[in-house]
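To start, the structure itself, in structure tokens.
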Amino acid sequence: MSETAVKAPGVPDANRWKALVFIALAQLMVVLDATIVNIALPSAQQDLGISDGNRQWVVTAYALAFGGLLLFGGRIADLWGRKRAFVVGLAGFALASALGGAATNEAMMFGARALQGVFGALLAPAALSLLAVMFTDAKERAKAFGIYGAIAGGGGAVGLILGGFLTEYLDWRWTFYVNVPFAVVAAAGAWFVIREPGGARNRSSLDIPGVILSTFGLVALVYGFTRAESEGWSDAVTIAMFVASVVLLATFVFVEARVKAPLLPLRVITERNRGGIYLSLGLAIIAMFGLFLFLTYYLQVVKGYSPVRTGFAFLPMIAGMITGSTQIGTRLMTRVAPRLLMGPGFLVAALGMLLLTQLEIGSSYAALLLPAMLLLGLGMGTAFMPAMSLATQGVEPRDAGVASAMVNTSQQVGGAIGTALLNTIAASATTSYIADHIGSATSRSQQQLVQLEGQVQGYTSAIWFAVGILVVAAAIALTLVNAGRPDMGAVTGAGKGADDEVPVPVVAH
């Protein structure tokens, strides 16, 4: 790393706002990738001859590598330095994306997606922890995390628009190639602009047992939920994955409490506010991921929208998220306690979700979907912004990477659970509805109508569960998150002198 890459502790970085541009660009690329590939999947499957049984691995290979290696990636960022981890992660992600775009068979595609997940697991926590250690003033931190939260929340919907355009007007391969310029610009900018605070690294020896237990435990958990979606909850392998996950993660916690230099210091997650944020964020993502899936299918299958039109239909949600995060959240973050933004935010999102339980085949976009999406976006944007900031607030700089990794882990696991759980609920309700009504349908057109009605019935049944999940997330945020409004001075441990070579014991506050 160059000599200018590290700045003196406690001194705000003059280039921090320029750095935010490149960090936000990298975050947008990672979030876009989560949805952009879904749009391209049918075309890629046909071109590469991927069977229906194997197509899920285009998504699963990425999810397993990303979710399983996040804690390891966060610890590597603390060890190497976040700038170096960030740039290496971007370079690797670009290379993996180029491989995916050039794939000639399913094995090459699955390998590229797994490699994207590996470098994404290094990149994502490095990006968030860079913000945590660079923005230490409360007002500036609120603005920076407002922008980051808006991108984290709205980027997935942008991916639907971009994926639709690229697939419809160019070729599915461009949904991979598009990552390369994003990564090159972000990496070049980061290399010349970002300067990390001094004394922020954690040079303790790597906790190898912790790495192995957490990686395999998280992989088993994510794969269990992914498999449950396709094979059912009673499938023997699904059950085995859940059992293995519980055993491995319980052993991981046992080991972490005893080793000298743990991969995940338990002080990071046992602190009341951070624990509440990880839990409430994970629950909110469960609801959101299920909703993205259902609305995409509803608009394309039931309403007959094209991929591009479907992407544009999500624009009100993006606008709501940006407004909630950069206007409401940022302006109120230094005036009210975080729980008074998170709790009401999740409840406003739940209200938007409640409107969507009224979906029917002939529902009006302007009268029902538009207000529902605006409420969802406003609520989620308002809640995400303080959650992202508070999740790394007060953390010693040497723990910033792993604390940031826990934010991403709760989101990744929440996404896997949401997709599997809500999809299972929807499929069950659809099957039940069709079985009860298909007998009265005499003509082919009536049978097709019953099929569509069954799908919509399935979506609304699952959305009711999502409403409940968001209410629980609000309750957790209001009861567990008890931090007051941030002081107007420094809000992190940046510059308090975490020694480079000998870690200083930290008491959770």
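Worth knowing before you read on, the calculation uses all heavy atoms, side chains too, and leaves out hydrogens, waters and symmetry mates.
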### Task
Applying side chain to side chain contact (heavy atoms under 4.5 Å, CB included), run through F346 and V471 and close with a yes or a no.
CA-CA 7 Å; F346 288 138; V471 171; over 6 Å; no
#### Entry: Criterion side chain to side chain contact (heavy atoms under 4.5 Å, CB included) on L281 and F384, from CA distance to verdict
CA-CA 8 Å; L281 259 185; F384 273 23; 3.8 Å; yes
Check: [X] side chain, [Y] main-chain N or O, donor-acceptor pair, under 3.5 Å:
X    : Y    : result
T382 : L378 : yes
Q116 : A96  : no
S245 : G217 : yes

Measuring from [X]:[atom1] to [Y]:[atom2], what's the distance to the nearest 0.5 Å?
X    : Y    : atom1 : atom2 : value
L341 : S325 : CG    : OG    : 10.5 Å
F66  : L123 : CZ    : CG    : 8.0 Å
D78  : S129 : CG    : OG    : 6.5 Å
K83  : M134 : NZ    : CE    : 9.5 Å
L376 : L295 : CG    : CG    : 8.0 Å

Any [X] side-chain heavy atom under 4.5 Å of [Y] side chain:
X    : Y    : result
L25  : V21  : no
L131 : R82  : no
P125 : L70  : yes
M342 : S280 : yes
L28  : F182 : yes
F294 : N423 : yes
E140 : W17  : yes
R267 : R274 : no

### Message
Go through it in stages, so that I can follow the logic: the residues are F93 and L90, the test is side chain to side chain contact (heavy atoms under 4.5 Å, CB included), and I'd like the CA-CA distance, side-chain angles, deciding distance and then a yes or no.
### Response
CA-CA 5 Å; F93 201 91; L90 281 166; 5.7 Å; no
### Message
Suppose the criterion is salt bridge (charged side-chain N to carboxylate O under 4.0 Å, His left out): which pairs have a residue in residues 233-243, not counting sequence neighbours?
### Response
R227-D235
#### Entry: Derivation of the side chain to side chain contact (heavy atoms under 4.5 Å, CB included) call for F72 and L218
CA-CA 11 Å; F72 184 41; L218 288 169; over 6 Å; no
### Query
Does F242 CZ have over 12 foreign heavy atoms under 6.0 Å away?
yes
#### Entry: Sole candidate of I212, L263, L213 that passes side-chain contact (heavy atoms from CB on, under 4.5 Å) when paired with D207
L263
#### Entry: Pi-cation contact, F254 with R258 (under 6.0 Å, within 45°)
yes
### Query
By side chain to side chain contact (heavy atoms under 4.5 Å, CB included), which residues pair with L122, not counting sequence neighbours?
I76, W80, A85, V88
### Query
Would W233 and F225 count as a close aromatic pair, with their ring centres under 6.0 Å?
yes
### Contacts of type salt bridge (charged side-chain N to carboxylate O under 4.0 Å, His left out), residue R113, not counting sequence neighbours
D33
